[in-house]
Amino acid sequence: MDVTFYISAAVAVVATLAVITRYNAVHALLYLIVSLLAVSLIFFILGAPFAAALEAIIYAGAIMVLFIFVIMILNLGPQAARVERIWLKPRTWLGPAALALILAGELIYILISGGEQEPKAGTAVVGANEVGIALFGPYLLGVELASLLLLAGLVGAYHLGRRSGSEGSDSPGSGRPNGEKV
Amino acid sequence: MSGQDFISLLPLTVLAATVVLIMLAVSVYRSHILVLLITLAGLTAAAAMLPLAAGSGPRRVTSLLVVDGYALFYTGVILAATFVVAVFSFVYLRKQQGQQEELYLLLLLAALGAAVMAASSHFASLFLGLELLSSSLFILIAYPRGRLNIEAGVKYLILASVSTSVLLFGMAFIYDQTGTMQFSRMAALADANAGVLFTTGLGLLAVGLGFKLALVPFHMWTADVYQGAPAPVTAFVATVSKVGVFALALRFFSQVGIRPQAHLFLMFALIAIASMLAGNLLALTQDNVKRILAYSSIAHLGYLLVAFLASGPLAITAVTFYLSAYTATTLGAFGVVGMTPCRGREADAVEDYRGLFWRRPWLAAIFAAMLFSLAGIPLTAGFIGKFYLLDAGVGSSLWLLVFSLVAGSGISLYYYLRLVVVMYMRPRGASSGEATASCPWAGSLMLTALLAVIFWLGVYPAPLIDMIQKTAALK
């Protein structure tokens with residue numbers, strides 16, 4: 001289990017380094033997805049399968065796909081197709097794919113060698129059941145506060161992203177595409 | 001959670017319910033004044049719940065929050081300050097175009113975050129309160145959506161995220177060492193095995209909180225954000241967010257204990273000295289009133305650290321009194337900045353205040369009183385506050401810190417008095433032709449009330465000090 005942890009940690013570090021050194025936003029996002037998947041695998045290895053699933057579904061899945069959609073939609077134009085063809089060159093996706101392959105190999109290895117592996121001394125596997133009981137038991141107030149936090153983000157995104165022309169003269173292009181707070 | 005727990009939480013629940021009510025009201029009928037009235041009513045109702053919550057005694061409500069006299073006192077300060085800021089915002093925004101209603105919603109959410117921080121006794125509630133506060137704040141800062149506002153908002157967003165991640169990193173270290181996220185249990189475990197990692201965690205935590213409090217090595221964002229935010233929001237950033245974070249820092253570090261941690265003590269002492277000196281010296285070179293007040297707020301937080309580092313019950317009284325006085329004074333100063341008429345923009349250059357006394361004598365007199373209180377001139381709240389800080393510092397023989405406090409106050413006199421002098425100068429011929437816009441009565445009323453509070457605290461502070469000693473004592 002130690003070896004699997006270090007491999008995923010190394011993948012996470014390498015992928016994150018690649019994120020901040022890419023010039024192209026989409027290339028960086030591909031690495032970011034790999035990085036998030038590696039973190040998700042680390043959660044799994046440390047005995048938190050529920051957190052791992054959430055990390056994969058919400059971060060690597062939903063939010064990243066949203067990012068890519070936004071970036072691709074913003075790129076719409078005459079040269080969009082040409083740009084997309086450049087993006088699909090093997091050189092671009094080979095790096096992230098190789099890292100993702102390492103992670104996949106690791107996951108398969110863990111699943112084959114017993115799935116629910118023995119937790120390390122002093123730790124225990126925490127399933128979705130326990131997480132739910134904790135969230136709606138001792139941490140109930142935390143859940144309520146988090147919902148208010150989301151409300152603040154929602155109202156803020158609405159206000160900053162609203163077209164300023166909606167109550168006065170409508171000038172195209174004055175609306176700010178501002179969805180930074182999700 | 002029992003029925004008593006719900007009563008203890010009433011101030012926070014009422015605040016949250018007001019937020020929901022505003023959201024529903026806005027979706028049905030948009031009206032600036034209606035939303036203001038709901039906000040003020042909600043804040044008043046939440047404040048009215050404070051004695052009720054205090055009646056059920058200090059309670060630990062789940063493992064996340066502790067509702068004791070200390071938390072309730074700070075919640076009261078936060079609610080009062082938010083009330084004043086809401087009125088100032090109305091005065092400031094009433095003539096502007098656009099939708100203004102969301103501002104009050106975010107204001108209440110930020111106040112709720114600050115109140116949660118004052119009551120938190122667990123890393124999870126600390127983090128959620130802080131995030132609620134700062135994510136509401138960066139939208140408030142960018143609220144008018146001008147170029148400068150957005151720039152200030154983005155700056156605050158980035159620095160707040162960085163400091164939050166540092167904070168989280170510190171929490172992770174501390175959790176790793178103690179295995180608990182509750183402040184009260186951390187202290188006992190820390191004595192047993194205070195390793196390097198634990199000290200590192202505390203240091204990172206201090207850095208994260210230092211960013212939020214704008215103490216000196218972490219102060220770079222302050223002046224730009226204060227300048228870029230609309231004046232009422234600047235008042236909010238300078239008061240409510242500082243009060244919430246400081247209340248939390250005081251609770252946390254007095255439970256964990258700084259004194260036994262020599263490195264940490266030294267770090268805080270250096271930060272305090274640097275904040276006092278650098279804040280005041282940088283303020284000398286500014287020509288923008290909001291930037292001057294920003295640097296002066298850095299210095300004031302440095303003064304506060306003197307009492308923070310002093311031990312004993314007097315320290316908590318001193319900090320609490322000083323924070324209350326500072327809140328009233330700073331609100332007044334930024335209130336004047338927001339209400340000074342100046343051809344279609346905010347009056348933030350020192351030059352805009354030339355001859356203010358001859359145009360708007362009452363406004364100028366109030367501003368002068370606020371500046372005197374910030375400088376710590378006798379008869380104002382600032383004087384008594386500084387007196388208590390010095391008393392606490394001398395009582396714990398922190399001589400170097402006390403000396404820096406005195407030196408810093410001496411430097412600060414120069415830039416405060418410079419502003420006062422400018423206001424009483426004769427206006428330069430043609431520039432007196434500015435429209436003397438009618439000062440709305442609500443704003444004048446608030447400023448007058450703040451003036452009364454400052455003189456009351458400066459002349460007869462005994463009731464407040466009594467109250468602080470009775471209610472806000474920790475442990």
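The sequence lines fix the lettering, A, B, ..., with proteins before strands; numbering per chain opens at 1. Because the structure is a prediction, the values reported are computed rather than measured.
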Portion of [X] that has a non-hydrogen atom of chain A nearer than 4.5 angstrom:
X: B:V116; answer: side chain
X: B:L9; answer: side chain
X: B:Y143; answer: both
X: B:L65; answer: side chain
X: B:L112; answer: side chain

Open item on the list: Heavy atom to heavy atom, less than 4.5 Å: which residues from residues 135-142 of chain A reach chain B?
Closed with: A:P138, A:Y139, A:L141, A:G142
Open item on the list: Just checking B:Y175: does its OH atom have more than 12 heavy atoms from other residues, nucleotides or ligands closer to it than 6.0 angstrom?
Closed with: no
Task: Beyond-backbone contact of B:I139 with A:V155, side-chain heavy atoms, under 4.5 angstrom - done: no
With rounding to the nearest 0.5 angstrom, report the [atom1] to [atom2] distance, [X] to [Y].
X: B:E131; Y: A:L150; atom1: CD; atom2: CG; value: 11.0 Å
X: A:E144; Y: B:L64; atom1: CD; atom2: CG; value: 11.5 Å
X: A:H159; Y: B:L103; atom1: NE2; atom2: CG; value: 8.0 Å
X: A:L160; Y: B:F138; atom1: CG; atom2: CZ; value: 8.0 Å
X: A:L149; Y: B:L109; atom1: CG; atom2: CG; value: 9.0 Å

Open item on the list: Using a 3.5 Å distance criterion without hydrogens, assess whether the side chain of B:R145 forms a donor-acceptor pair with backbone atoms of A:R162.
Closed with: yes
